[in-house]
Amino acid sequence: MYQMRIFTLRDDTQRKIKIDEGMTLQDELKKAGITESDIFQMQLVIHEDKM
């Protein structure tokens, strides 16, 4: 299982990042290369590994 964050930005583009354990929101923003003021919406997606 892993988690992914999808940021929808004010310019109507999206950035997707895989979240590592222990990451803060500031770490996620740095990894995505955006600032808080760029964000219109955030969504957390959890992917289950299928065996």
Side-chain angles (χ1 to χ4, degrees):
M1 176 176 77
Y2 65 93
Q3 297 179 345
M4 176 175 280
R5 177 93 60 199
I6 302 172
F7 296 99
T8 303
L9 306 181
R10 293 182 185 271
D11 64 2
D12 206 30
T13 60
Q14 289 188 338
R15 300 276 174 94
K16 299 176 185 179
I17 62 164
K18 185 175 178 182
I19 299 175
D20 299 324
E21 188 174 334
M23 285 183 80
T24 65
L25 178 60
Q26 295 304 320
D27 294 335
E28 293 176 25
L29 295 175
K30 184 181 272 189
K31 186 173 181 178
I34 58 176
T35 63
E36 282 188 57
S37 61
D38 295 329
I39 300 170
F40 174 71
Q41 178 180 340
M42 293 188 310
Q43 182 178 8
L44 178 65
V45 179
I46 300 172
H47 289 273
E48 296 286 337
D49 293 332
K50 295 182 180 179
M51 292 185 187

### Query
To the nearest 0.5 Å, what is the distance between CG (Leu25) and CZ (Arg5)?
6.5 Å

Let me check something: any side-chain donor-acceptor pairs from residues 37-48 under 3.5 Å, sequence neighbours excluded? List them with distances.
{"residue": "Ser37", "atom": "OG", "partner": "Thr35", "partner atom": "OG1", "Å": "3.1"}
{"residue": "Asp38", "atom": "OD2", "partner": "Thr35", "partner atom": "N", "Å": "2.9"}
{"residue": "Asp38", "atom": "OD2", "partner": "Thr35", "partner atom": "OG1", "Å": "3.1"}

Mind listing the side-chain donor-acceptor pairs of residues 13-23 below 3.5 Å, one per line with the distance, residues two or more places apart or on another chain?
{"residue": "Thr13", "atom": "OG1", "partner": "Asp11", "partner atom": "OD1", "Å": "2.6"}
{"residue": "Arg15", "atom": "NH1", "partner": "Ala32", "partner atom": "O", "Å": "2.8"}

